[in-house]
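Following: one structure in structure tokens, then a few remarks.
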Amino acid sequence: MLIDIDRIIDEKAGKKARRIPRFVRAYLKHIVHQDEINAFLQKEGERKGVEWVDDALEFLDMTLDVEGLENLPDDNARHFTFVSNHPLGGIDGIALGSILGHRYGGRIKYLVNDLLMNLPGLAPLCVPINKTGKQSRDFPAMVEAAFASDNHIIMFPAGLCSRRRGGVVRDLPWQKTFVTKSVATGRDIVPIRFEGENSPFFYHLANLSRLLGIRFNIAMLYLADEMFRNRGKCFKVRIGTPIPAASLDRSKTPRQWAAHIQNLVYSL
């Protein structure tokens with residue numbers, strides 16, 4: 001299965017898809033690098049999971065400077081929730097999949113945007129999230145199943161790529177789901193900070209869309225382009241000490257705990 005922008009538009013837009021001009025479709029194919037990504041997917045063939053993630057790192061000529069590997073807990077029949085900031089919206093996810101996938105024998109699952117299910121090599125590691133589409137009714141059950149599984153969970157609790165506000169690149173406020181589900185399933189939480197930034201264009205577009213009140217996440221369309229802009233770079237990853245699920249008591253609300261852990265990540 002290759003990336004097919006025409007198919008994705010038809011599936012997402014339904015009957016409205018025929019109103020989208022050809023030049024718009026051609027531009028979308030360009031900014032998502034459809035031909036380059038498809039060449040990579042064809043070369044990968046049937047490779048999936050962590051092997052695919054490793055190959056993606058090599059394809060992007062990306063290196064990692066990881067601090068705190070000693071903080072990654074042993075399995076010991078326990079399961080963990082790994083939470084990270086989301087500065088890049090693509091490369092950061094690939095990097096964490098490689099680091100944690102090797103550490104835990106491939107037993108990892110991302111909770112991610114359902115568009116990533118169009119990457120066949122990555123799809124086996126994903127729990128697709130789309131709260132507003134056809135899948136919205138199944139979303140709570142899918143999250144419950146993921147946290148009840150034998151897999152370690154990787155989450156970007158902001159739900160979106162970081163934004164630049166007041167000259168500072170930072171996630172939007174973290175959602176509380178990772179707190180409530182980790183407490184309910186006894187999963188300790190491991191905080192991770194990924195350092196990196198997208199282009200000024202990306203942040204200007206995201207902020208302009210917000211000011212204009214555009215509800216569709218236009219900036220998301222450029223994440224693949226941002227990924228290719230970051231080719232050949234080295235990124236620093238800092239892994240913090242695990243936070244016991246039992247410590248997330250009623251002294252704070254789940255939302256307050258989420259904000260506390262977000263601040264902790266940015267202090268790493």
Side-chain angles (χ1 to χ4, degrees), residues 50 53-54 56-57 60 62-73 79-104 106-113 116 122 125-129 143 146-147 151-164 168-183 185 187-198 202 219-220 223 226-227 230 233-245 248 254-255 257-268:
V50 178
V53 169
D54 286 343
L57 288 181
L60 294 170
M62 173 180 166
T63 54
L64 303 172
D65 178 9
V66 185
E67 294 182 2
L69 283 172
E70 68 278 4
N71 291 327
L72 291 178
H79 310 118
F80 304 93
T81 304
F82 297 89
V83 294
S84 173
N85 62 319
H86 204 18
L88 303 179
I91 289 179
D92 36 15
I94 292 172
L96 296 188
S98 178
I99 295 168
L100 299 174
H102 283 286
R103 180 67 176 83
Y104 298 107
R107 293 191 301 107
I108 57 171
K109 287 286 186 182
Y110 300 94
L111 268 67
V112 296
N113 189 293
L116 292 178
L122 186 63
L125 300 179
C126 296
V127 176
I129 296 175
V143 172
F147 275 87
N151 297 296
H152 302 287
I153 303 298
I154 301 174
M155 292 187 69
F156 298 97
L160 295 173
C161 181
S162 302
R163 299 296 192 253
R164 175 176 281 160
V168 177
V169 175
R170 185 181 171 95
D171 280 2
L172 299 177
W174 281 12
Q175 300 170 26
K176 65 181 181 179
T177 300
F178 78 97
V179 173
T180 57
K181 298 304 180 185
S182 295
V183 170
T185 55
R187 290 172 177 263
D188 292 350
I189 296 172
V190 182
I192 299 175
R193 180 174 182 179
F194 195 101
E195 293 189 0
E197 292 187 6
N198 283 323
F202 177 86
M220 179 182 65
L223 287 177
E226 293 295 324
M227 182 174 67
N230 279 311
K233 294 184 179 179
C234 178
F235 295 95
K236 183 176 287 293
V237 182
R238 293 189 171 94
I239 302 170
T241 55
I243 302 167
L248 305 178
R255 193 173 302 280
W257 276 120
H260 173 78
I261 295 172
Q262 181 179 4
N263 289 332
L264 178 63
V265 162
Y266 279 99
S267 72
L268 292 175

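Throughout, residue positions are numbered sequentially from 1 according to the sequence presented.
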Determine, step by step, whether Lys181 and Ile153 satisfy the side chain to side chain contact (heavy atoms under 4.5 Å, CB included) criterion, reporting the C-alpha distance in whole Å, the side-chain angles of both residues, the deciding distance to 0.1 Å, and the verdict. CA-CA 11 Å; Lys181 298 304 180 185; Ile153 303 298; over 6 Å; no
Given the rule in the side chain to side chain contact (heavy atoms under 4.5 Å, CB included) test, do Thr81 and Phe147 qualify, once you have shown the distances and angles that lead to the verdict? CA-CA 9 Å; Thr81 304; Phe147 275 87; 3.5 Å; yes
Test Ile99 against Ile192 for side chain to side chain contact (heavy atoms under 4.5 Å, CB included), laying out the working first. CA-CA 11 Å; Ile99 295 168; Ile192 299 175; over 6 Å; no
Please evaluate residues Leu111 and Phe178 with respect to the criterion side chain to side chain contact (heavy atoms under 4.5 Å, CB included), reporting the C-alpha separation (whole Å), side-chain torsions for both, the decisive distance (0.1 Å), and the verdict. CA-CA 10 Å; Leu111 268 67; Phe178 78 97; over 6 Å; no
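Between the OG1 atom of Thr185 and the NE2 atom of His79 there is a distance of 9.5 Å, given to the nearest 0.5 Å. The distance from the NZ atom of Lys236 to the OG1 atom of Thr63 is 11.0 Å, given to the nearest 0.5 Å. Separation of atoms CD (Glu197) and CG (Leu88) is listed at 9.0 Å; rounding is to 0.5 Å. Taking CD of Gln175 as the reference point, atom CZ of Arg255 lies at 8.0 Å (rounded to 0.5 Å).
For Arg193, there are no salt bridge (charged side-chain N to carboxylate O under 4.0 Å, His left out) partners, not counting sequence neighbours. Applying the ring-ring contact (aromatic ring centres under 6.0 Å, His included) rule to Phe156 yields the partners His86; only residues at least two apart in sequence or on another chain are considered.
Scanning both residues, Thr241 and Pro191, for their nearest heavy atoms gives O-CD, 3.3 Å. Considering every non-hydrogen atom in both Tyr104 and Pro73, the closest pair reads OH-O, 2.7 Å. Nearest heavy atom pair, residue Gly68 against residue Ile239, reads O-CB, 3.5 Å. Residues Leu100 and Ile108 approach most closely at O-CG2, 3.9 Å, considering heavy atoms. Nearest heavy-atom pair across Leu223 and Cys161 is CD2-SG, 4.2 Å. For the pair Asp54 and Ser98, the tightest heavy-atom approach, listed with the atom from each and the gap, is OD1-OG, 2.7 Å.
The shortest distance between side-chain heavy atoms of Phe82 and Leu96 does not fall below 4.5 Å. Using a 4.5 Å heavy-atom cutoff, the side chains of His102 and Val50 are in contact. Taking the side chain as every heavy atom from C-beta outward, Val127 and Val143 never approach each other to under 4.5 Å.
A distance-only check finds no donor-acceptor pair linking the side chain of Asp65 to the backbone of Phe235 [under 3.5 Å]. In this structure a side-chain-to-backbone donor-acceptor pair under 3.5 Å is present from Tyr266 to Asp171. A donor-acceptor contact shorter than 3.5 Å is absent between the side chain of Ser182 and the backbone of Val179. A donor-acceptor pair is defined here as one N or O able to donate and one able to accept, closer than 3.5 Å; such a pair exists between the side chain of Tyr110 and the backbone of Gly93.
Each of Leu60, Asp92, Asn198 was compared with Asn230 under the side chain to side chain contact (heavy atoms under 4.5 Å, CB included) criterion, and only Asn198 meets it.
Ring-plane geometry between Phe80 and His152 is classed as parallel, the angle between the planes falling under 30 degrees on a 0 to 90 degree scale with a further cut at 60.
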